[in-house]
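Here the structure is laid out as C-alpha cells; the discussion comes afterwards.
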Amino acid sequence: MEFMSTELMAPKIFSSCHVFNTPDFNLLATLESGQVFGFTKEADGGFLGALNQVEVRLRQEENHLLVETEGETVLEEAVRRYFDLDRDLNLVYSHLLSDPRLKPAHKAFKGLRLIRQNPWEAVAGFIVSANNNVKRIQGIWQRLSNSLSENPRIFPSASAIAISNEPALRKIGLGYRAPYLLATARKIADSPERLTQIDQTDYEEAKELLMKYPGVGSKVADCILLYGFHKLEAFPVDVWVSRFMRKFYFRNRKVSEKRIGLFARKRWDSLAGYVQQYLFHAARCQVIKL
DNA sequence: TCCCAGGGATGAC
DNA sequence: GTCATCCATGGG
C-alpha cells in the first residue's frame with residue numbers, strides 16, 4: 001500500500017508559537033487515548049496534525065501547551081475549547097478517586113481531557129473505527145488525507161469524499177466500511193445542516209439521528225456525540241470498556257452494551273463520558289489489568 | 001497460522 | 001426488542 005508518511009514529506013516549518021498556561025493537562029494521554037486519529041507523534045514528543053482545519057504542531061512543557069502554527073491563525077479561544085481547557089476536572093477526579101477500580105486511571109492519566117473535534121471528522125473517523133484497531137485507523141486517516149484532500153495534511157471534507165468512489169476507498173484500506181463512509185459522506189455533503197443541528201439536540205434524539213447514517217450504530221454514535229459534540233453523558237461501549245465494566249461491576253456476567261451504558265449514566269451521570277475515557281485508556285494500556 | 005481490533009447491517013425469532 | 005452471523009484488513 002503506497003502512501004506518503006508525514007516523515008517523508010517536506011518538513012513543515014511553522015512561523016509562530018502560541019503558549020497556553022495549562023496547569024492540569026496531559027497532552028500525551030489526550031492525543032493517544034483514541035479520541036482523534038490525525039495526530040502523528042514526532043521524535044521529540046511533539047505532535048503534528050490539524051486543529052479545526054489548521055495545521056499545527058503541539059508540544060507540552062510542564063504546565064505549558066505550545067501550539068505552533070503558520071502565522072497568527074490559531075485563536076486562543078479555539079484551542080481552549082478544542083482541549084476543554086477551562087473545565088475543572090476535580091469533579092471527574094472525585095469519581096475516579098472514590099472507586100478503587102478507577103484510581104489507577106487517575107494516577108496514570110491525570111490531565112486527560114476530552115477533545116471537541118470537528119463533527120464531520122468524528123463521524124468519518126469512527127465509521128472507520130468499526131471492528132478496527134487504532135494503528136490501522138490512523139493509517140487510513142493519513143491515506144484519506146493524502147489522496148483525497150487539497151491539503152494532504154488536513155482531513156478531506158465530506159464533499160471531497162462524496163465525489164470519490166468505492167474502489168478508491170477500498171484501495172485505501174477501508175474494506176467493507178468503504179460503502180458506509182461513501183454513503184454517509186454523500187448524505188452530509190447533501191445536507192450538512194442535518195449534522196450541525198445535532199449540536200442543539202438532546203442526547204437521546206441526537207443518537208437516533210446519527211444512527212440514520214450508514215456505518216453509524218450505537219457505539220459509533222456515542223463516540224461522535226462525545227468527541228464531536230461534547231455530549232458528556234455519552235458512554236461508548238467498545239470491547240475494552242465492555243470487559244472492564246463486566247469484570248468490575250457485573251461480576252463477569254454477560255450483559256448487553258445497552259445495559260452497561262444505562263448503568264454508567266446512572267452511576268456517573270453527566271460525566272459518564274469523561275469516566276469512560278479514563279477507563280478505556282487505562283484498560284487498553286493495561287494500567288488496569290483485566 | 002490464528003486471533004484480535006474503539007462494530008454495523010442483516011435476518012431469524 | 002434481542003441474538004447469531006458475516007464482513008476486509010493488517011498488526012501481534
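Model, not experiment: these values are computed from the prediction. So you know, we letter chains A, B, ... as the sequences are listed, proteins then strands, and number each from 1.
- Not a single donor-acceptor pair, N or O on each side, falls under 3.5 Å between the base of B:dG7 and the side chain of A:E257.
- We find that NZ of A:K212 is positioned 16 Å from P of B:dG8, with the value rounded to whole Å.
- Rounding to whole angstrom units, NZ of residue A:K135 and P of C:dG12 are separated by 8 Å.
- When the P atom is used for both C:dC3 and B:dG6, the distance is 24 Å, rounded to whole Å.
- When atom types are taken as modelled, the side chain of A:T69 and the backbone of A:V56 share no donor-acceptor pair closer than 3.5 angstrom.
- Applying the 6.0 Å contact sphere to CD of A:E150 captures no more than 12 heavy atoms from other residues, nucleotides or ligands.
- In this structure, A:M211 atom CE and B:dT10 atom P are separated by 13 Å, rounded to whole Å.
- Per the stacking criterion (ring centres < 5.5 Å, plane angle < 30°), A:F280 stacks onto the base of B:dG6.
- The nearest whole Å value for the distance from the CG atom in A:L174 to the C1' atom in C:dC7 is 14 Å.
- Among the heavy atoms of the strands lying under 4.0 Å from A:V241 is at least one base atom, whether or not backbone atoms are also near.
- When heavy atoms are screened at a 4.0 angstrom cut-off, A:S256 is found touching no nucleic acid atom at all.
- Only one option out of A:I13, A:V67, A:L48 pairs with A:R57 in a side chain to side chain contact (heavy atoms under 4.5 Å, CB included); it is A:L48.
- Separating the P atom of B:dG8 from that of C:dG11 is a span of 23 Å, rounded to the nearest Å.
- Close to B:dA5, at under 4.0 Å from its OP1 or OP2, lies a side-chain N or O of A:R243.
- Regarding A:Y176, its OH atom lies at a distance of 14 Å from the P atom of B:dT10, rounded to whole Å.
- C:dG10 and B:dA9 are spaced 23 Å apart, taking the P atom of each and rounding to whole Å.
- A salt bridge (Lys or Arg N to Asp or Glu O under 4.0 Å) with A:D84 holds for exactly one of A:R81, A:R87, A:R80; it is A:R87.
- Here C:dT9 is the nucleotide among B:dG7, C:dT9, B:dA9 with the atom lying nearest to any side-chain atom of A:R136.
- Residues A:Q276 and A:P214 each lie close to DNA chain B; by heavy-atom proximity, the contact nearer the 5' end of the strand is made by A:Q276.
- Nucleotide C:dT2 holds its P atom 10 Å from the CG atom of A:L262, rounded to whole Å.
- The shortest distance between the side-chain N/O atoms of A:R170 and the OP1/OP2 oxygens of C:dA8 is below 4.0 Å.
- Base pairing of B:dT1 is not made with any nucleotide, judged by Watson-Crick or G-U wobble geometry with both donor-acceptor distances under 3.5 Å.
- One atom, CD1 of A:I140, and another, P of B:dA5, lie 16 Å apart when rounded to the nearest Å.
- Contacts of A:S33 with the nucleic acid, taken as non-hydrogen atoms under 4.0 Å apart, include base atoms.
- In the set B:dG8, C:dC7, C:dT2, the nucleotide with an atom closest to the side chain of A:N131 is C:dC7.
- A:S129 places a side-chain N or O within 3.5 Å of a backbone atom of A:F126 that can act as its donor or acceptor partner.
- Between A:F263 and A:F250, the ring centre distance stays below 6.0 Å.
- The nearest heavy atom of DNA chain B to A:N132 and to A:G215 marks one nucleotide each, and the one closer to the 5' end goes with A:N132.
- Residue A:R284 is in sugar-phosphate contact alone, with no base atom involved, counting any heavy-atom pair closer than 4.0 Å across all strands shown.
- In this structure, A:Q286 atom CD and B:dC4 atom P are separated by 14 Å, rounded to whole Å.
- Using a 4.0 Å heavy-atom criterion, one finds that A:Y227 contacts the bases of the nucleic acid, with or without backbone contacts as well.
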